[in-house]
Trainee: 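Got a structure here, written out as structure tokens. Questions coming.
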Amino acid sequence: MKKVLLASACLFALAAPASAADLAARPYTKAPVAVASVYNWTGFYLGIVGGGAWENGSGDPKMKGGFVGGTAGYNWQTGNVVFGIEADGSWADVSASVTGATVVPGFGVATATASSKTDAMGTVRGRIGWAVNNVLFYGTGGYAWIDNKITLSALGVSVSDSKFHSGWTVGAGVEAFFAPQWSVKGEYLYRSLGGETYFSGALPTGTLNFHTVQVGVNYHFGGPVVAKY
């Protein structure tokens with residue numbers, strides 16, 4: 001019996017390491033890969049825009065003031081290049097006036113005031129830019145328009161006439177996403193509007209040129225963020 005117990009003990013001692021070696025190895029779990037957000041600018045957007053405008057010219061007084069309105073557009077992205085088309089329209093209060101002496105037939109010399117006010121303006125433009133993930137640097141240009149009114153006042157009587165001026169615009173800007181579907185932009189535009197004749201041909205105007213600086217916030221439909229591993 002003693003020999004049997006000794007043999008059993010030796011057998012158990014030899015079997016224990018073998019059993020431990022037969023245990024399955026602990027599986028290796030790979031750490032999760034971080035997800036990087038890549039912005040795709042393709043899609044339709046709507047927004048609001050506002051800013052200031054001042055007339056470019058050598059004489060005084062120069063028209064100046066502010067505007068606020070809405071914008072709509074669509075972007076196509078290929079690689080880092082973004083093509084787009086955008087239209088905007090704004091209510092405006094961009095004006096100037098001058099007062100001086102004038103000769104009124106049948107009355108003599110009287111004080112008269114002439115004022116010019118742009119009360120609406122807008123553009124339809126193409127855009128081309130370079131996207132650096134959520135930031136877009138772009139140039140832009142296209143069609144521009146304003147609705148302008150000239151008012152003449154003398155001896156307590158005022159007469160007004162409004163004309164629609166058409167022309168062109170060119171500029172540049174930068175736009176950046178600050179949330180998955182929201183972006184903010186800053187933009188400079190130079191606008192050149194052709195002259196018109198007011199009061200049935202009695203008062204022709206020259207070209208109206210404006211500098212405008214505007215900021216806007218856009219909402220992009222469809223979710224422009226693409227998750228990339």
Side-chain angles (χ1 to χ4, degrees), residues 46-73 84-127 138-173 185-216:
L46 291 174
I48 58 174
V49 65
W54 63 98
E55 187 179 2
N56 178 56
S58 56
D60 284 315
K62 297 181 178 69
M63 297 172 65
K64 60 183 179 180
F67 58 91
V68 63
T71 185
I85 185 169
E86 183 175 286
D88 61 73
S90 298
W91 294 276
D93 185 2
V94 181
S95 62
S97 64
V98 60
T99 299
T102 187
V103 176
V104 180
F107 183 85
V109 178
T111 300
T113 299
S115 63
S116 181
K117 178 184 177 183
T118 295
D119 52 21
M121 62 198 315
T123 67
V124 179
R125 295 173 282 117
R127 300 201 310 174
Y138 64 89
T140 182
Y143 170 74
W145 61 268
I146 64 170
D147 187 14
N148 193 70
K149 180 172 68 174
I150 291 180
T151 301
L152 304 176
S153 301
L155 303 176
V157 178
S158 296
V159 291
S160 299
D161 192 15
S162 296
K163 295 294 181 182
F164 190 87
H165 295 248
S166 294
W168 55 268
T169 182
V170 65
K185 72 175 182 181
E187 191 172 67
Y188 164 79
L189 294 177
Y190 181 83
R191 311 179 193 221
S192 182
L193 296 310
E196 293 291 338
T197 302
Y198 290 73
F199 302 106
S200 301
L203 182 59
T205 68
T207 301
L208 296 175
N209 299 314
F210 290 97
H211 300 283
T212 61
V213 176
Q214 56 197 46
V215 295

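Only a predicted model underlies this, so the values are computations on that prediction, with no experimental measurement involved.
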Trainee: Roughly how far, to the nearest 0.5 Å, is the CG atom of Asp119 from the OG atom of Ser90?
Mentor: 12.0 Å

Trainee: Looking only at side-chain N and O atoms, does Arg191 offer a donor or acceptor that is under 3.5 Å from a partner on Thr212?
Mentor: yes

Trainee: What closest approach, in Å, do Pro61 and Val98 show between heavy atoms, and which atom pair accounts for it?
Mentor: CD-CB, 4.1 Å

Trainee: What residues, two or more places apart in sequence or in another chain, satisfy ring pair (Phe, Tyr, Trp, His ring centres under 6.0 Å) together with Trp54?
Mentor: His211

Trainee: Apply salt bridge (Lys or Arg N to Asp or Glu O under 4.0 Å) to Lys149 and list each qualifying residue two or more places apart in sequence or on a separate chain.
Mentor: none

Trainee: Looking only at non-hydrogen atoms, find the nearest pair between Ser160 and Phe199 and report the distance.
Mentor: C-CE2, 3.7 Å

Trainee: Nearest 0.5 Å, please: how far is OG in Ser115 from CE in Met63?
Mentor: 9.5 Å

Trainee: Show, in sequence, the C-alpha distance, side-chain angles and deciding distance for Val68 and Ile48, and conclude whether the side-chain contact (heavy atoms from CB on, under 4.5 Å) test is met.
Mentor: CA-CA 8 Å; Val68 63; Ile48 58 174; 6.0 Å; no

Trainee: What pairs with Ser153 under side chain to side chain donor-acceptor pair (under 3.5 Å), at least two apart in sequence or on another chain?
Mentor: Ser158

Trainee: Please check if the side chain of Thr140 supplies one atom and the backbone of Arg127 the other of a donor-acceptor pair under 3.5 Å.
Mentor: no

Trainee: Say whether, by atom type as modelled, one donor and one acceptor occur between the side chain of Asn56 and the main chain of Asn209 under 3.5 angstrom.
Mentor: no

Trainee: So, do Asp161 and Ile150 sit near enough that their side-chain heavy atoms are less than 4.5 Å apart?
Mentor: no

Trainee: When rounded to the nearest 0.5 angstrom, what is the spacing between CD in Glu187 and CD in Glu86?
Mentor: 6.0 Å

Trainee: Do Thr151 and Lys117 have side chains that get closer than 4.5 Å, going by heavy atoms?
Mentor: no

Trainee: What's the separation between atom CD in Glu196 and atom OG1 in Thr207, rounded to the nearest 0.5 Å?
Mentor: 10.0 Å

Trainee: Indicate yes or no: at least one non-hydrogen side-chain atom of Asp88 is less than 4.5 angstrom from one of Arg125.
Mentor: yes

Trainee: Can you name the nearest heavy-atom pair linking Ala72 to Leu46, along with the distance?
Mentor: CB-CD2, 3.5 Å

Trainee: Parallel under 30°, tilted from 30 to 60°, perpendicular over 60°: which one fits the rings of Trp145 and Phe164?
Mentor: parallel

Trainee: Could you tell me whether the side chain of Thr169 and the main chain of Tyr143 form a donor-acceptor pair under 3.5 Å?
Mentor: no

Trainee: Calculate, to the nearest 0.5 Å, the distance between atoms CE and CG belonging to Met121 and Leu193 respectively.
Mentor: 7.5 Å

Trainee: Say whether, by atom type as modelled, one donor and one acceptor occur between the side chain of Asn148 and the main chain of Lys163 under 3.5 angstrom.
Mentor: no

Trainee: Quick one: CD on Glu55 to OG on Ser95, what's the gap to the nearest 0.5 Å?
Mentor: 11.0 Å

